[in-house]
Number of protein chains: 2
Amino acid sequence: MAKRVTIHDVAAEAGVSRQTVTRAMNDRDDIKEATRLRVLEAVERLGYRPSRFARNLVTRRKQHALGLVVASFDNPYYTGIAAEMLTAAAERGWQLMMAAAQDDTEAVLGMLASQADVVALHFGGSGAELSEFAGGLPVVRLEAESLLPGVHSVALDIESGIVAVVAELRARGARRFGMVDSAHSLQAHGARGAGGGYGPSPKRRYFERAVGEPLAGVTIGDESIAAGSRAFGELLEQHPDVDTVLMFNDLMALGAVRYAQSRGIDVPGRVRIVGIDGLALGEAVHPRLTSIALDVRAMASHTMDIAELVAKADFARLDPIHRRVGSSILWRESA
Amino acid sequence: MAKRVTIHDVAAEAGVSRQTVTRAMNDRDDIKEATRLRVLEAVERLGYRPSRFARNLVTRRKQHALGLVVASFDNPYYTGIAAEMLTAAAERGWQLMMAAAQDDTEAVLGMLASQADVVALHFGGSGAELSEFAGGLPVVRLEAESLLPGVHSVALDIESGIVAVVAELRARGARRFGMVDSAHSLQAHGARGAGGGYGPSPKRRYFERAVGEPLAGVTIGDESIAAGSRAFGELLEQHPDVDTVLMFNDLMALGAVRYAQSRGIDVPGRVRIVGIDGLALGEAVHPRLTSIALDVRAMASHTMDIAELVAKADFARLDPIHRRVGSSILWRESA
DNA sequence: CTGTTAGCGCTTTCAA
DNA sequence: TTGAAAGCGCTAACAG
């Protein structure tokens with residue numbers, strides 16, 4: 001591990017002052033071409049690279065970075081969020097740092113804390129926990145309300161979408177509603193960890209409320225295509241009277257469509273399938289997936305709004321800011 | 001835009017010296033509990049957050065960051081790469097910064113340069129261009145050889161996979177081979193920009209070589225499901241004798257499967273479909289997609305190996321390091 | 001055009 | 001246990 005080459009070494013090598021090296025490195029015009037070349041040669045010879053920390057420390061116009069904790073890279077919904085965040089961040093001149101959600105949210109936040117100015121994440125625990133983990137790092141909680149001070153949030157209005165979809169499905173003849181719920185909803189509620197296990201997800205509660213009576217059948221699966229396929233099969237088997245199924249998310253819904261397709265089950269004739277998320281991937285299957293689309297772009301935009309507000313306050317602790325984005329229904333072919 | 005709260009302000013507020021604030025912030029034991037509490041209260045009151053730049057500048061053990069320029073968030077192949085990179089980076093204690101590829105690679109690199117220690121990216125231009133754009137920033141070029149000094153690379157051996165797949169397809173009765181190629185291959189070759197346009201992709205050249213005779217038909221489309229579907233349809237229409245089709249990538253292949261499915265075309269009976277990438281998503285369609293799987297995990301791992309080597313040399317310009325990863329064939333149902 | 005002087009905000013010695 | 005000094009590597013502001 002050689003000693004780091006600094007601006008000082010380059011200056012010595014080129015026989016100029018450090019300031020002149022800076023001028024050459026930053027393409028400024030107040031330097032003689034010959035000197036510039038000489039310095040650049042020295043840079044090349046020594047393999048010098050300015051320290052990003054030192055540079056950012058001293059530069060007036062700081063580079064801001066948003067840390068995004070991505071819940072899962074296996075679900076296009078989350079990578080879609082990442083994509084939108086990236087776009088929104090780039091538009092505002094922010095950098096995006098990503099980290100994968102692990103069991104240990106605290107550790108992840110600890111890592112990001114030294115690199116990011118603001119962190120956005122999905123988090124299942126309580127706001128208090130989150131606030132504690134963040135330890136002063138400004139946090140934007142995604143897809144959940146936050147009541148605690150110090151934790152901003154961008155919530156999602158899924159319920160209105162579910163209500164609307166149920167109404168329209170009824171109009172189309174739906175009578176017996178079933179649902180495939182997530183085995184471990186990210187929007188877990190109240191105490192996780194301590195032996196609690198998971199109750200029905202908020203989506204399921206919204207759905208039951210919208211239907212207005214107990215669901216004709218519910219099964220549970222992991223948030224994957226394969227698990228969605230399996231759980232959908234179980235649902236049809238255990239509750240053959242179900243004619244309409246809400247899948248917890250589009251990934252699982254894709255599995256449901258695949259299941260129906262491979263068994264020759266008519267969709268939406270025999271059973272209607274509705275997903276949640278509005279993935280573009282829903283266009284790829286046959287029949288195309290009807291889905292409650294969440295406005296991910298607005299979510300990203302709001303997140304960046306909050307980040308900029310926080311930045312404007314120089315990252316001091318602010319009163320929590322809350323935003324809310326809506327959902328719309330993508331009527332395609334499966335329902 | 002209030003003035004930034006610094007360690008100095010906290011020290012004044014708590015009536016201690018700056019070092020003592022440091023001690024309190026970093027949970028060190030050489031500080032009296034009462035003092036610690038008092039400092040922490042001041043921190044809370046002022047909403048103080050240490051500057052990540054200043055901290056990293058002075059700290060012995062630096063945080064390293066890999067900058068990843070993601071070619072496209074719309075293709076799960078690339079998000080899959082991002083996921084693997086994230087995992088590989090986390091395992092080694094590196095942070096991952098992401099940026100989206102834009103038209104202006106130079107600008108993207110410029111942004112990342114101030115935040116990342118090493119950059120990994122797919123790049124279609126020449127190594128010389130890349131080297132110039134990077135301006136000293138260590139670069140790992142993905143999925144392409146690099147001959148230029150200063151640009152490391154992790155290449156992909158797709159050709160052996162294509163050769164193997166053609167051999168097996170022939171054994172299964174394939175006679176007339178067609179291909180849907182990319183309209184603008186990322187692995188563009190030679191001069192882009194200056195009116196050059198794009199020739200056949202390397203994948204196509206490998207395929208032709210493996211087949212050993214001119215392809216029975218080739219159509220072209222963008223790298224999306226919809227375009228893949230369309231181009232596949234055109235191929236069947238223009239060259240009805242084609243019985244086996246290699247799709248440029250899995251995303252396009254998904255479109256092909258969808259096209260066949262919706263027209264009632266028997267796959268693989270009437271036509272065999274093979275994709276490239278090995279996406280898990282290939283399991284979601286019916287029939288499941290056969291694909292040449294690229295070892296993305298190995299690619300990520302090699303990239304991090306190189307990054308660590310570069311870091312060990314304190315980011316001095318190193319002789320270029322080259323790695324190569326292989327491919328394997330996922331025989332599923334579509335071929 | 002180039003060099004000198006000051007810091008950026010933090011952590012590390014080292015004394016007290 | 002605390003404080004004082006001395007930088008980390010760089011750039012802004014001023015000289016010259």
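Residue numbers begin at 1 in each chain, while the letters A, B, ... track the order of the sequences.
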Measure the distance from [atom1] on [X] to [atom2] on [N] and round it to the nearest whole Å.
X       : N      : atom1 : atom2 : value
B:Leu37 : D:dT2  : CG    : C1'   : 17 Å
A:Met25 : D:dT11 : CE    : P     : 8 Å
B:His8  : D:dA4  : NE2   : P     : 11 Å
A:Arg18 : C:dG7  : CZ    : C1'   : 11 Å
A:Glu33 : C:dT2  : CD    : P     : 11 Å
A:Asp9  : D:dC8  : CG    : P     : 11 Å
B:Gln19 : C:dC10 : CD    : P     : 12 Å
B:Leu57 : C:dC8  : CG    : P     : 13 Å

[N] phosphate, OP1 or OP2: any side-chain N/O from [X] under 4.0 angstrom?
X       : N      : value
B:Thr35 : D:dT2  : yes
B:Arg28 : C:dT12 : yes
A:Asn26 : D:dT11 : yes
A:Thr20 : C:dG3  : yes
B:Arg55 : C:dT11 : yes

Distance-only donor-acceptor pairs under 3.5 Å for side chains of residues 302-309 of chain A, two or more places apart:
{"from": "A:His302", "atom 1": "ND1", "to": "A:Ala298", "atom 2": "O", "distance (Å)": "3.3"}
{"from": "A:Thr303", "atom 1": "OG1", "to": "A:Met299", "atom 2": "O", "distance (Å)": "2.7"}
{"from": "A:Asp305", "atom 1": "OD1", "to": "A:Arg92", "atom 2": "NH1", "distance (Å)": "2.7"}
{"from": "A:Asp305", "atom 1": "OD1", "to": "A:Arg92", "atom 2": "NH2", "distance (Å)": "3.2"}
{"from": "A:Asp305", "atom 1": "OD2", "to": "A:Arg323", "atom 2": "NH1", "distance (Å)": "3.1"}
{"from": "A:Glu308", "atom 1": "OE1", "to": "A:Arg92", "atom 2": "NH1", "distance (Å)": "3.2"}

**Study point:** Side chain of A:Asp30 - closest among C:dT2, C:dT4, C:dC10
**Key:** C:dT2
Revision key, fill the gap. Taking D:dA6, D:dT11, C:dT2 as options, the one with an atom nearest any side-chain atom of A:Ile31 is C:dT2
Review point. Between B:Ile7 and A:Ser17, which has a closest nucleotide on DNA chain C that is more 5'?
Key: A:Ser17
Practice item. Answer with base, sugar-phosphate or nothing: what part of the nucleic acid does B:Thr22 contact at a heavy-atom distance below 4.0 Å? Key: base
Practice item. Could you tell me whether B:Val16 contacts a base, only the sugar-phosphate backbone, or nothing, with contacts defined as non-hydrogen atoms closer than 4.0 Å? Key: sugar-phosphate
Study note, to complete from the structure: Between B:Ala54 and B:Arg38, the residue closer to the 5' end of DNA chain D by nearest nucleotide is B:Arg38
Exercise for review: Quick one: sort the A:His64 and A:Trp94 rings into parallel, tilted or perpendicular, breaks at 30° and 60°.
Suggested key: tilted
Review point. For the side chain of A:Asn56 and the backbone of A:Phe53, is there at least one donor-acceptor N/O pair under 3.5 Å apart?
Key: no
Point to revise | Pairing residues for B:Gln19 by the side chain to side chain donor-acceptor pair (under 3.5 Å) criterion, not counting sequence neighbours | key: B:Ser17
Point to revise | The single option from B:Val10, B:Leu40, B:Asn26 passing side-chain contact (heavy atoms from CB on, under 4.5 Å) against B:Val21 | key: B:Val10
Review point. Is any side-chain N or O of B:Arg23 under 3.5 Å from a base N or O of D:dG3, one able to act as donor and the other as acceptor?
Key: yes
